[in-house]
**Student:** 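One structure follows; several queries about it will come next.
A quick note: this is a predicted structure, and the numbers were derived from the prediction, not measured. What's counted below: heavy atoms across the whole structure, side chains too, no hydrogens, waters or symmetry copies. Residues take their numbers from the sequence shown, with the count starting at 1.
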Amino acid sequence: MRTLITTILIVSGALVCIGCNQGKVPEELKNLVPVTVTVTDGSNPVEGVAVALNSKDGAKGFFVCTGTTDSNGAAQILSTRSSFTGKGVPAGTYSVVLVKPAEIPEDLQPQEEDQDNPAAAAAKQAKRDAFLKQNQTIPVALTQSTASPVELTVAEKTGATFEIDIAKYR
């Protein structure tokens, strides 16, 4: 769960910076190549999936590579460091993390009155956890950067297009 939260925060932070190309181009992001990741479930595209690529080439420095799938299931990956965001990613090898939060029904949302009744709050939390487990779009293995079975290799100058069928990981 901690990995999922960390990933969501990283992806959210990177998405906030999109369009902030006001800073100097960091050395490790000077040679970006275009990368598209398409997420499907069987043959159906999955919209609204946050895609994060985590560099496995640790010596390159710290940067974040993210995108969000559109109605065709395709995400154009952007790389961000500080105030710089560029289209594409540096050549290298990446593990892939996918996140798509389930829409929690209103009756399972935390309410102010729950603070006064710890037993009711705990019961609601248990129902919310069960709902999330049952309605999780992305298989758990694909939500954890250290355990993700998906690894992408991006070649210099040519970029890449990848398809991830989440049905294969259930």
Side-chain angles (χ1 to χ4, degrees), residues 1-19 29 32-58 60 63-81 85-110 123-156 158-170:
M1 186 65 163
R2 182 173 286 163
T3 303
L4 176 61
I5 292 169
T6 302
T7 301
I8 290 171
L9 291 174
I10 290 171
V11 170
S12 298
L15 293 176
V16 167
C17 289
I18 293 174
L29 299 182
L32 299 179
V33 292
V35 172
T36 301
V37 175
T38 302
V39 180
T40 60
D41 190 354
S43 60
N44 302 315
V46 184
E47 183 176 8
V49 176
V51 179
L53 303 184
N54 298 307
S55 177
K56 298 189 85 151
D57 306 329
K60 286 187 172 184
F63 54 91
V64 179
C65 302
T66 60
T68 302
T69 60
D70 60 18
S71 60
N72 296 316
Q76 305 300 315
I77 307 301
L78 304 172
S79 293
T80 302
R81 178 168 183 189
T85 297
K87 293 180 180 179
V89 303
T93 303
Y94 299 85
S95 65
V96 180
V97 176
L98 305 177
V99 177
K100 182 171 181 173
E103 302 240 355
I104 300 173
E106 186 64 34
D107 63 325
L108 296 180
Q109 297 286 345
K124 185 183 278 188
Q125 180 66 45
K127 286 181 183 178
R128 187 170 40 252
D129 291 345
F131 173 84
L132 289 172
K133 186 175 182 179
Q134 183 178 16
N135 292 286
Q136 186 167 355
T137 304
I138 306 298
V140 173
L142 297 174
T143 65
Q144 302 170 358
S145 63
T146 56
S148 178
V150 179
E151 189 172 282
L152 307 179
T153 300
V154 178
E156 288 186 28
T158 61
T161 300
F162 300 98
E163 182 174 332
I164 301 169
D165 182 359
I166 62 174
K168 294 178 182 178
Y169 300 95
R170 288 200 173 94

**Student:** Holding to side-chain hydrogen bond (donor to acceptor under 3.5 Å, both in side chains), I want the full list of residues that pass it with Thr38, two or more places apart in sequence or in another chain.
**Tutor:**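 None.
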**Student:** Which pair of non-hydrogen atoms, one from Leu142 and one from Ser148, has the smallest distance, and what is that distance?
**Tutor:**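 In terms of heavy atoms, the two residues are closest at CD2-OG, 4.2 Å.
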**Student:** Quick check: are there more than 12 heavy atoms from other residues, nucleotides or ligands sitting under 6.0 Å from CD of Gln109?
**Tutor:**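 Atom CD in Gln109 is crowded, with more than 12 foreign heavy atoms closer than 6.0 Å.
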**Student:** Which atom pairs, one a donor and one an acceptor, fall under 3.5 Å between side chains of residues 95-104 and the rest of the protein, sequence neighbours left out?
**Tutor:**
{"residue": "Lys100", "atom": "NZ", "partner": "Glu47", "partner atom": "O", "Å": "2.7"}

**Student:** For Gly88, does its backbone N or O pair with a side-chain atom of Ser79 as donor and acceptor, under 3.5 Å?
**Tutor:**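 Answer holds: yes.
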**Student:** Testing the basics here: between Pro90 and Leu29, what is the closest heavy-atom pair and its distance to 0.1 Å?
**Tutor:**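 Shortest heavy-atom separation between Pro90 and Leu29 comes out as CG-CD2, 3.7 Å.
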**Student:** Between Gly73 and Pro45, which heavy-atom pair has the shortest distance, and what is it?
**Tutor:**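 Gly73 and Pro45 have their closest heavy atoms at N-CB, 3.6 Å.
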**Student:** Over all heavy atoms of both residues, which pair between Cys65 and Tyr94 is shortest? Give the atoms and the distance, please.
**Tutor:**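 Result for this residue pair: SG-CE2, 4.2 Å.
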**Student:** Restricting to non-hydrogen atoms, name the atom on Val51 and the atom on Val39 that form the minimum distance, rounded to 0.1 Å.
**Tutor:**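 Scanning both residues, the minimum pair turns out to be CG2-CG2, 4.3 Å.
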**Student:** Shortest non-hydrogen contact from Leu32 to Lys87?
**Tutor:**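 So the two residues come closest at CB-O, 3.5 Å.
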**Student:** Report the distance from atom OG1 of Thr143 to atom OH of Tyr169, rounding to the nearest 0.5 Å.
**Tutor:**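 One gets 13.5 Å once the value is rounded to the nearest 0.5 Å.
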**Student:** For residues 161-168, which side-chain N or O atoms pair as donor and acceptor with protein atoms under 3.5 Å away, sequence neighbours left out?
**Tutor:**
{"residue": "Glu163", "atom": "OE2", "partner": "Thr40", "partner atom": "OG1", "Å": "3.1"}
{"residue": "Asp165", "atom": "OD1", "partner": "Gly42", "partner atom": "N", "Å": "2.8"}
{"residue": "Asp165", "atom": "OD1", "partner": "Ala167", "partner atom": "N", "Å": "3.1"}

**Student:** Any chance you could measure Leu53, atom CG, to Leu152, atom CG, to the nearest 0.5 Å?
**Tutor:**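 Rounded to the nearest 0.5 Å, the CG-CG separation comes out at 6.0 Å.
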